[in-house]
Every structure is written in structure tokens, then in C-alpha cells.
Number of protein chains: 2
Amino acid sequence: MLSFTEENYLKALVQLTIFEEGKDEVGVNKLASCLEVKPATVNDMVRKLKVKSLVSYEKYGKISLTPIGRNSGMMVIRRHRLWETFLYEKLDFSWDEVHELAEELEHIHSQKLINRLDQFLGFPEFDPHGDAIPNVDGEIVIPFRKTLSESGKGDIVKIVAVKDNSTAFLQYVDKIGLVIQDEIIIEEKEEFDSLITIKIKGKQHVVSPRFTDNIFVVCAKCLKANDCSCKY
Amino acid sequence: MLSFTEENYLKALVQLTIFEEGKDEVGVNKLASCLEVKPATVNDMVRKLKVKSLVSYEKYGKISLTPIGRNSGMMVIRRHRLWETFLYEKLDFSWDEVHELAEELEHIHSQKLINRLDQFLGFPEFDPHGDAIPNVDGEIVIPFRKTLSESGKGDIVKIVAVKDNSTAFLQYVDKIGLVIQDEIIIEEKEEFDSLITIKIKGKQHVVSPRFTDNIFVVCAKCLKANDCSCKY
DNA sequence: TATAAAAGTTAGTCTAATCTAACTAATTAA
DNA sequence: TTAATTAGTTAGATTAGACTAACTTTTATA
């Protein structure tokens, strides 16, 4: 049985490798700052996880997940996202409140509980933030998508997910009236300071990279993120 | 914020004092065996809880809860019983499975979460084992009831709750087909070995104190536990 | 009421997860 | 290609919660 702490390390590793495209390993410092602990602490813990065959690691090298470690980490994320969905759908929490509560709930271990919850919710595919929920085997479909920052002037896109789950960010998204599946028109891109002018439900907003880096979109017409040659 | 461990101490104290009629304090050894730790460990922890004004305690004396300690302990029990009800009512767990899962879930702190859950469940008064659920202020109505062992020959009683929440006990209760609110007729009481012959739904069973000590009943006619002068 | 048994305490040890401070290795840039 | 910077490691300390073993106080009983 994994401890609360070990599970958090594995979850962070999944986020920093599998969910970060084109990466399958990460350094001690990066993991430390993600978990808000010191590198020395990570160094100790990674050695423990290696003994348990959950990570691959050599002194002065990078950290990567073994298949077992990957599956364990994925299960934490499955539990997190299912609880978020429960809180949002059944207990009427807002999408900016669910993350923090799910950070605690994700450590309840029972497989049976989480599978019953999954069934109770009707086997949802996405959590309230638009993220895919790993299935019972820890498999996940990582959908094609890009950030709003990567979109070009004139593009018409659809928001599919948010990257940042913090209360502050989500409340800002609420404030400008944006909801998952909404259409966004990129009206202006200012190269100098990276400010972008977008139109949502007919209303213009000027937004900064702090915002656009954390919004995931696909082309509104073809629903692809790349290789979209749609003309409007 | 109380730790997982501190909460378990307070919960155990509520169970050993408030729920144990006529008691308002308990010794170090009793608490230790309830928590399955050594007396030395309890001694240390009780001193910590005293510093936090959660218990009253003097060296070589008995332990009792302060009003704050009582309320904190009661909140753990409220969370435990509401989660049990959720698992039983919404996720179709059997009554012998819910206790163990609730032991983990009871430590999720959010007041808002637990109050929303309460509302979602329709403000239940009793958990699946027949125990009353403390309200939002930590108040609880401890109903009049006695154990089946205390009933006399010829009594016709109604089961209102079980004392032991262990899987083994509850599966035995299921096996003999007994359900909360069922009527039980005490047909025979053998003083020699304390075996009791009961009739449930027309079927006779011979049961031991291991069973009768853990079944809470009231008089089936007047619904009182004591001072019942009903004649059949 | 003396003494044996039960209950409670103390001191010292252990483990998990964290830290700081000082060190070493690897990478980057002048 | 050497010096500076960044990344990673090691040793030693700390805290919470548990333990054992030896000791002391309280209670119960002969």
C-alpha cells in the first residue's frame, strides 16, 4: 500500500512526463518545485520509489516511471478526476472549488469504491475542467489540443479544457463568461507584449499569456488541434 | 487543523464516554486498547490534546473531553455516518462494507462538503447500522434502547441498531436474515450458558451473547427500551 | 492493612518525511 | 577550455506517532 506522499510523487511524475508531450523523464529539481519540497527531499524519496520498482533512476540521472509506477500514478489521477466530477455534478460545487477537495479524496484507496463511483456518475469521459478521466486499467486518451497562445489571428477555436486548476484562474475564466465548448475568435495578436484580443459570445476581451497559456483549444470547424487548414 | 491521528483519538473518546451511558471519562488503558496502540502512546498523545484544550487530564487521572474536543470528535462521527449512508444508499455497498471505507472518508475535512453531502442524502437521521447521525452543530439524540441480552423471556422487541460494525458480525446478522426494524420474539433464555432462543420472521434461532450483546432493541409495542410494562 | 495486580508513566529508540548547509557533478557560456 | 552557473547529493537535524522496557502509582483483595 502506497502512502499519501508516495502517491503524490507518482501523480506529479505522470503530470510531468506522460501529460507533458514529448517527455518521458524529469529532473530532481523540476519534481521538487512541482511538489513544493526541496530537491534533497525528492532525492531521498526517489531512492525509496526505486526500491519499490515504481521509478527508474540512477544517481545524477533523470527520473522516469516504470509501468507499475505509471499505473499507480494514473489511478491517483483517475480518482482525483472522478471525485471532481462527483462534487461538480452531484453536490453542486463550482469548478473552482473541486480541485482542492479532490486533492484529499484522491487518496481513498478502494478500487471498488472508485469503480462504483464511476458507474454512479455514468462513466464520464471528462472532468469539470475538460480533462480526460483514465479508465479502470489506467489508460487515457490524450486528446489533440493546443493552447490558445498557439492559435493564430483569425482562427475560430473551441475551448476543450483548462490547464491551470487554481481557484484564481478558474474564477477569472468564469468572470469573462467562458465555458467549456464555447467558441473563441482570435481577433488580434500583439507580438510586442503577447496580448491577444478575443471574442466570446459576441463580446471582446483583451487577455494576457497568463490566460492564453492555460486554455486548451481545438479548431471549431474540424475539431483538430494541428494540421487544420480550415479557412473562414 | 487536526491530524488524522488526533481525530481518531477524539472519535474514540466520544465513543467511550458520551456513547457509553453514564460515563464521562475514560482511562489510558481503555483508550489504548480501543485504538489498538500501547498505553505509553496514549499517554503522549493525551498530553498533546490537553495542550490544544481538547481534553481534560491530570497525571494518573482519567481523560475527558472538553466542549471543543467533544464537538471535534462528534464531527468525525458525523462525517463517518454520512459517508456510510452515501455508500449504502447511492453506491449500493452492503452494510458490512461501509464501515471500513468510512474510516478513511471521515478524515476529509471540508465542512461545506459534508453539509452538501447531508443535503444530497436528504438529511438522514440514521446510518445503515441504525446509529443516529450528529447534526451540523455536533448534537445527537441518543435514543432509548437496550441490548437484546437485557431483554427478558417472552419480550417482543424491534431491532433498532447494531453495536458492532465489523464485517464478520454484520455478515452473521445478514445470514440469519435480520434487518433493522425487524421484530424479534425472545422464546427462551438459558441462564446456564446465556444462550437465547429467538424467533425472527417465524424462524427460530439459538444465539450467543456475542450476538445478543451487539443488537440494540426497543419494545415492539411501545417503542421504549425501559419501563415497558406491555403484556403480550 | 499489607501486598499483589492493574493502571499509568518515563526514558530511550525507530521510521517516514521533511528540512538546512555544505558539498560534488554536469552543463553552459565567455 | 576554463570558469561560472545550475543541478544533484550527502550528512545531520527535526517532528509526529509509534514502540519497548523499566519504573511508579493506584486499586483491589486476601
Side-chain angles (χ1 to χ4, degrees), chain A residues 1-13 16-17 20 23-65 69 72-73 76 103-104 106-109, chain B residues 1-13 15-17 20 22-65 69 72-73 76 103-104 106-109:
Chain A
M1 177 81 85
L2 298 174
S3 73
F4 194 104
T5 309
E6 289 169 328
E7 287 192 338
N8 281 336
Y9 276 77
L10 296 175
K11 180 180 64 162
L13 282 168
L16 294 173
T17 59
E20 210 67 24
K23 276 187 195 162
D24 66 342
E25 48 176 35
V26 70
V28 169
N29 273 271
K30 191 93 177 282
L31 181 53
S33 71
C34 174
L35 289 163
E36 295 180 284
V37 296
K38 302 293 166 192
T41 309
V42 168
N43 192 279
D44 278 353
M45 179 58 89
V46 165
R47 292 171 133 79
K48 270 179 51 185
L49 294 174
K50 192 192 168 176
V51 171
K52 294 191 178 186
S53 302
L54 295 162
V55 303
S56 303
Y57 173 71
E58 294 305 329
K59 199 166 149 174
Y60 292 109
K62 298 284 182 184
I63 309 151
S64 64
L65 287 162
S72 301
V76 181
E103 287 287 302
E104 288 193 63
E106 72 190 9
H107 300 290
I108 309 291
H109 287 97
Chain B
M1 177 81 84
L2 297 174
S3 72
F4 194 103
T5 309
E6 290 169 326
E7 287 192 338
N8 281 337
Y9 275 77
L10 296 175
K11 180 179 64 160
L13 282 168
Q15 284 162 341
L16 294 172
T17 60
E20 209 67 22
K23 276 186 195 163
D24 66 342
E25 49 177 35
V26 70
V28 168
N29 273 271
K30 190 92 177 281
L31 181 53
S33 71
C34 174
L35 289 162
E36 296 180 286
V37 297
K38 301 294 166 189
T41 310
V42 168
N43 193 280
D44 278 354
M45 179 56 89
V46 165
R47 291 170 133 79
K48 271 180 50 187
L49 295 175
K50 191 191 168 175
V51 170
K52 294 192 177 184
S53 301
L54 295 162
V55 302
S56 303
Y57 172 70
E58 294 307 329
K59 196 165 149 176
Y60 293 110
K62 297 284 181 182
I63 309 151
S64 63
L65 288 162
S72 301
V76 181
E103 287 288 302
E104 288 193 64
E106 72 189 11
H107 299 289
I108 307 293
H109 287 98

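Chain letters run A, B, ... following the sequence lines, proteins first and then strands; every chain starts at 1. What you see is a predicted model, and the numbers here were worked out from it, not measured in a lab.
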query = Is any side-chain nitrogen or oxygen of A:R47 closer than 4.0 Å to OP1 or OP2 of C:dA16?
reply = no

Quick one: [X] [atom1] to [N] [atom2], roughly how many Å, whole number?
{"X": "A:L2", "N": "C:dA16", "atom1": "CG", "atom2": "C1'", "result": "14 Å"}
{"X": "A:L31", "N": "D:dA7", "atom1": "CG", "atom2": "P", "result": "14 Å"}
{"X": "A:M1", "N": "C:dA16", "atom1": "CE", "atom2": "C1'", "result": "16 Å"}
{"X": "B:E58", "N": "C:dG8", "atom1": "CD", "atom2": "P", "result": "14 Å"}
{"X": "B:K62", "N": "C:dA6", "atom1": "NZ", "atom2": "C1'", "result": "11 Å"}
{"X": "B:E25", "N": "C:dG8", "atom1": "CD", "atom2": "P", "result": "11 Å"}
{"X": "B:E6", "N": "D:dT15", "atom1": "CD", "atom2": "P", "result": "15 Å"}
{"X": "B:K30", "N": "C:dG8", "atom1": "NZ", "atom2": "C1'", "result": "16 Å"}

Residues 50-62 of chain A, side-chain donor-acceptor partners within the protein, below 3.5 Å, at least two apart:
residue	atom	partner	partner atom	Å
A:K50	NZ	A:Y57	O	3.1
A:K50	NZ	A:E58	OE2	3.2
A:K52	NZ	A:E6	OE1	3.3
A:K52	NZ	A:E6	OE2	2.7

Enumerate the protein-to-nucleotides 18-27 of chain C contacts in which both atoms are nitrogen or oxygen and the separation is below 3.5 Å.
residue	atom	partner	partner atom	Å
C:dT18	OP2	A:Y9	OH	3.4
C:dC19	OP2	A:K38	N	3.0
C:dC19	OP2	A:T41	OG1	2.6
C:dA25	O4'	A:Y60	OH	3.4

remark   = When every non-hydrogen atom of B:K30 is compared with those of B:L16, the smallest separation belongs to O-CD1, 4.3 Å

request  = Could you walk me through whether A:L2 and A:L10 pass side chain to side chain contact (heavy atoms under 4.5 Å, CB included), step by step?
outcome  = CA-CA 10 Å; A:L2 298 174; A:L10 296 175; 3.7 Å; yes

message = Side chains of B:K11 and B:N8, heavy atoms from C-beta outward: is any pair under 4.5 Å?
response = yes

side-chain contact (heavy atoms from CB on, under 4.5 Å) partner of A:Y9, the single match among A:V76, A:I63, A:V37 = A:V37

task = Show your working on side chain to side chain contact (heavy atoms under 4.5 Å, CB included) between B:H107 and A:H107 and close with a plain yes or no.
result = CA-CA 11 Å; B:H107 299 289; A:H107 300 290; over 6 Å; no

